[in-house]
Structure formats: C-alpha cells, structure tokens
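Here is the structure we will look at.
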Amino acid sequence: MLSPRVRPMGERAFLLEVGALDEVLPLHAALAPARPDGVVDLVPAARTVLVRVDTRRLPLAAARAWALGAAADAEPGGGTAGPLVELDIVYDGADLAETAQLLGTGADELVRRHTAAEWRVAFTGFAPGFGYLVSEDWPFDVPRLDSPRTRVPAGAVGLAGGFSGAYPRDTPGGWRLIGTTAARLFDPDAASPALLAPGTRVRFREVGGLDRARSGDLAGSGLYGANRPASVRSPDLEAARGGTDAGPGFTASGRGIRIVEPGLLATLQDLGREGAAFVGVAVSGALDRGALRTANRLLGNPEGAAAIEVTMGGLRAVAEEDLWVAVTGAWGAVRIDGRDADPYAAHPWPAGAELQLDWFAHGARAYVAVRGGLDGRLALGSRATDLLAGLGPAALRAGDVVGIRDDAVAPIPVAPPAAWGAPHDDELELDLAPGPRADWFTPAALTTLYDTVWTVSNHADRVGARLDGPSLARSREGELASEGMVPGALQVPPSGRPTILLADGPVTGGYPVIAVVTDAGLDLVAQARPGTRIRFRHARASA
C-alpha cells in the first residue's frame, strides 16, 4: 500500500510524491489502467508521478481523490514486468575509458557490468523517447560532465548518476558516453512511438566495433571536446541508423500558400499534443492559444486548425489560389496585395497576391490562418512544429509551399466591430498558482517573487522565458530528483533567477518549481518581448 504525498503543480496538475524510485513504477501501474476521463497524462519521474487534468471534464479535487484511492492499492516493488527490448551496442563512446577510470575499474569490466545488468525504464524525459534506465545489478554512481556537450549524436549511449540512457536524436547533453546503438528509439508514426517506454525491460548486447583501447585513446586525444562528435561509428552502423526527420513536412507544389520570406521564425502550430508526456513529448502547439482560436473562429474553422505562428514579424507569402485569411495576436501592419488589411478580421486573399506582415510594433507572435486550415506532417495527432524534439513540420523556409485543408465547419461569421486591440507587452501582471517546491525557498525569496518587477531577458523562445531580476534564495541545498513539468512552471535554476516554461519545454526537469503561471497567463507570456516587465500576484484559490 502506497500513501503518496500530494504536491500542487498549478491549477491543472499535481504531483504524487513517494519515498523512492522503486515505488514510482508500481504507483504508475496502479494509476494507468483505471484513469478516469479528464486525466490527460500520467508522467512518472524519479520520485513522483505527475497527474495532468483537463478540469473542464474532471475537477482537480476529484482527480486527487481518485489518485489517492488508486495509490492505496499499489504495493512497493509491484507492477507487471514490461516487455524486454535488446539493444545492440558498440562500446565506442568518447568517455568510456575516462569513466572506467573514475569508477576505479577497467573499460572491459565496465562493459561487462553494463551488458550483464537487466535494466528497466523508470521514466522518460529530456527528449521524446529518452528513457532513464535503472538496474538493481548496476552499482555505480557516475558523475555528469562538468561542461555538457552542445551536441550528442543520435544513438549515443551514456551514464549519469545511477542511470543509463540512449539519445534518440542529436541534442545537447552532459552524460558520459560509453557506446552507440543503431536502434530507432523514437518513431512518431508508430502505434507505440517510444521503443523505451516506462516499465520496459532492457538488455544491452555488445556487437562488433573498434578496439576499446583504441577508442579510449581517441577519446582522450582531444578529438571529442565539447563541440566535437561524441562517439566513433562504423559506416554500417551509421547507415543502419537512418533518421527521424523526414524533410520539411510540407507539399512541394500545387494548392497552398508559397513562403517568400519566413521572417525571424515561422512555424506551423495547432493546439498541440496532449497526452504524450508519458513518452517524453511536450505539449507544443500555439503559444497564444486564444489568438489561434480566434483566427480560426473568424474563418469558420475548427478552433484547433493549424495556422502559421509568426515570431516578431517579417512574413511574406503568396496565395496559389483564392483564399480567405485572418491574422491575430501580435500587432503590426498587415498588407494583402499592397493594401492595408485589419487584424482580427477575415479578408479575401486572391491567387497570386502577396500577404506581408511587417515587424510587429506590439506583441511577439501573430497567427496567420486560412479558411479550411493549413496542412503539414501529422505527428502523434498534431501538426504542431516542435523544434526541440524534431516533431511535426520543419520551420518554414523561403520556397516552402504549405498545403490547404478542407476542414471549415461553418460559414465565415460577421466579425464584431473594433473588438480587439494591440496586446500589452510593456508590463504584464500574471497570476501564480502554487508550485510543488515552494518549501525549497526562504520566506524572503517568496516575498521577493511577488514584490519584484521582473524583466523578460533575451533568452526567450518557445521552450521558456528567462527572467532578469534578483536571485531567489533557497532554504534547501542539493539537486532535486527529476520530476514532471508543465507549461507555466516557474523553474528556478542555481542562479536563482526563474524561467517560465512554455509549450516546447521539457516534460521532466530537476530544477525546483516555486509556482506555476495560470493557464490564462500563458497566452500573455506568449506575447512578451525581451524587455517586457512582469509582476506576479497570487491566483485565487480553487478546488
């Protein structure tokens, strides 16, 4: 019987915290089969299970009551054993020899222990399909690199702490790399996209590769620095790997709109991918969901139809057939065929005419929707571009043609006159709901959080918005065991300056969350620019 502690995670989620990692999978196994309608995701981590709730279908209090009742039936060490996956591995990693030396053993012995252990996926995170593997047969605690690599190649197998793991795609990382696998670890088109889902049992099987002594000499020679390739590969292994990216994800010609200039950044976005955090996939989707919904309503589309999210302006595009278009969100001059067009209104867009968005005067993100909706590669039920994870269509480039769907569900409505205005981007006031780790901070830090006028830094993108201001002092030292994250989470890294996680943010993380921006506040953050001032206030308590 488990009696987890409930910790709040904003207004639409909570954490169930247990005492140890070996209690997490039994807890998750007790929750998953019986989850009620309205529980949209269950995300296991090192000592917690995150429960995300659609409060339109299930009150948060009811979800908590259900979760605690289900937990009472779980037993530590229980749960059904998952399927067994065998991963072929070449032990050619850049850090193999050094890691063995740090652990007081030889490379051959380290390899023997790694292959002899039966591993289990405790949780996922960091990147889609990245499984944190644990084993009772593994005695080592491996320190991370002092300086993470800016690029670790897909297929690299590494060690960190008591975990092992394999990188599904090229990404930064600080794990010590010991080998390479050609297995396809994540396939968004598969029925089960993550090869290594929580609960899966894993064994590593050594296959032929370079002599380990030679590989270790190369790793120590300086060829594998922070920005160098992180493993030695045979041509056969490279050819076997293939890739997870399948081109830009747009039509090559014909019916659609042709991009002349994408501006700073233009991506296809809908309302995102709810329910895939279990395998490490972020929600993604439009950052300003209200603006996307409004653009689609103006055109008679379903509210979640895909549109182009334009960051800071500069988009130019040509219609390849007669269309209707609406632009919402950030405020700047909009022209169709050289004529000014009002935002927040539906306009004819004749074939051959150019749509131009100037650089925005207010706000950071606009949404260009067309009647019928835009088309693009579908990944896990969404056409949203997730640049960090490499899901959905690629960022738009000059020459891309984005296809048009036929998903309109209603006539174009008569728009209300003068119902919209420029977004406020000079100073925002955001409501904060309770976070799970407020007790990691001093009372003075909590006062500072609400008394300070914070400033959005230049480090702001779809993953998160870092804030400039005073440091929030901790009352507790050390690292936080990785736990589930949500958009809006106010993470506080060792610098003490918080970051607001956004739609492409990590599914799990190890920085404490002091509070969570409310759902309504996230649309405001989407329009914040570097230099925007932010004040926080307490959200009104809800059930």
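Atoms considered below: every heavy atom in the structure, side chains included; atoms not considered: hydrogens, waters and symmetry mates.
Each of L195, L196, V279 was evaluated against V121; a single residue qualifies, L196, per the side chain to side chain contact (heavy atoms under 4.5 Å, CB included) test. The residue from V453, L428, L432 that alone fulfils the side chain to side chain contact (heavy atoms under 4.5 Å, CB included) condition with F536 is L432. Checked options Q356, E354, R316; the residue passing with E261 is R316 (criterion: side chain to side chain contact (heavy atoms under 4.5 Å, CB included)).
Salt bridge E483/R7: absent, no basic N to carboxylate O contact under 4.0 Å. A salt bridge links R335 and D340; the closest N-O separation between the charged side-chain nitrogens and carboxylate oxygens is under 4.0 Å. Between R497 and D468 there is no salt bridge, since no side-chain nitrogen of the basic residue lies less than 4.0 Å from a carboxylate oxygen of the acidic one. No salt bridge links R533 with E429; every basic N to acidic carboxylate O contact stays at or beyond 4.0 Å. A salt bridge does not link R258 with D400: every distance from a Lys NZ or Arg NE/NH1/NH2 to an Asp or Glu carboxylate oxygen is 4.0 Å or more. A salt bridge does not link R535 to D451: none of the charged side-chain nitrogens sits closer than 4.0 Å to a carboxylate oxygen.
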Inset, instruction - Before giving the answer on salt bridge (Lys or Arg N to Asp or Glu O under 4.0 Å), spell out for R289 and D519 the whole-Å C-alpha distance, their side-chain angles and the decisive distance to 0.1 Å. - result: CA-CA 10 Å; R289 295 151 302 166; D519 199 55; 2.9 Å; yes
Inset, instruction - Could you walk me through whether R383 and D270 pass salt bridge (Lys or Arg N to Asp or Glu O under 4.0 Å), step by step? - result: CA-CA 6 Å; R383 293 180 172 82; D270 53 22; 5.6 Å; no
Legend entry - side chain to side chain contact (heavy atoms under 4.5 Å, CB included) between R273 and L391, worked out: CA-CA 10 Å; R273 299 181 176 88; L391 293 176; 4.1 Å; yes
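For H538, the side chain to side chain donor-acceptor pair (under 3.5 Å) criterion is met by Y450, not counting sequence neighbours. A search for side-chain contact (heavy atoms from CB on, under 4.5 Å) contacts involving D189 returns D187, not counting sequence neighbours. For E303, the salt bridge (charged side-chain N to carboxylate O under 4.0 Å, His left out) partners are R293, R297, not counting sequence neighbours.
When all heavy atoms of L16 and V51 are compared, the closest pair comes out as CD1-CG2, 4.2 Å. Contact detail for P168 and A154: the closest heavy-atom pair is O-CB, 3.7 Å. Counting all heavy atoms, side chain and backbone alike, L264 lies closest to W359 at N-CH2, 3.8 Å. Between L380 and P193, the shortest heavy-atom contact is CD2-CG, 3.7 Å.
Residues V24 and T48 form no side-chain contact, since every pair of their non-hydrogen atoms from C-beta on lies 4.5 Å or further apart. Taking 4.5 Å as the limit, every side-chain heavy atom of E320 sits out of range of all side-chain heavy atoms of I257. Two residues are said to be in side-chain contact when any heavy atoms from C-beta on lie closer than 4.5 Å; L268 and L374 meet this criterion.
Contacts classified as ring-ring contact (aromatic ring centres under 6.0 Å, His included) and involving residues 375-411 (residues at least two apart or in different chains) are not found. Sequence neighbours left out, the pairs with a member in residues 274-286 that pass salt bridge (Lys or Arg N to Asp or Glu O under 4.0 Å) are R52-E274.
Atom CZ of F14 sits in a crowded spot, with more than 12 heavy atoms from other residues, nucleotides or ligands closer than 6.0 Å. Within a 6.0 Å sphere centred on CG of D406, heavy atoms belonging to other residues, nucleotides or ligands number 12 at most. Within 6.0 Å of atom CZ in R537, more than 12 heavy atoms from other residues, nucleotides or ligands are found, so the atom counts as buried in its surroundings. Summarising the local packing, NE2 of H362 is surrounded by 12 or fewer heavy atoms from other residues, nucleotides or ligands at distances under 6.0 Å.
For Y367 (side chain) and D288 (main-chain N/O), a donor-acceptor pair under 3.5 Å exists by modelled atom type.
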Would you tabulate the side-chain donor-acceptor contacts of residues 53-63 under 3.5 Å, counting partners in other chains and residues two or more places apart, or write 'none'?
from : atom 1 : to  : atom 2 : distance (Å)
D54  : OD1    : R56 : N      : 3.0
D54  : OD1    : R56 : NE     : 3.0
D54  : OD2    : R56 : NH2    : 3.1
D54  : OD2    : R57 : NE     : 3.1
D54  : OD2    : R57 : NH2    : 3.4
R57  : NH1    : D37 : OD1    : 2.7

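Checked against a 6.0 Å centroid threshold, the rings of F123 and H28 do not count as neighbours.
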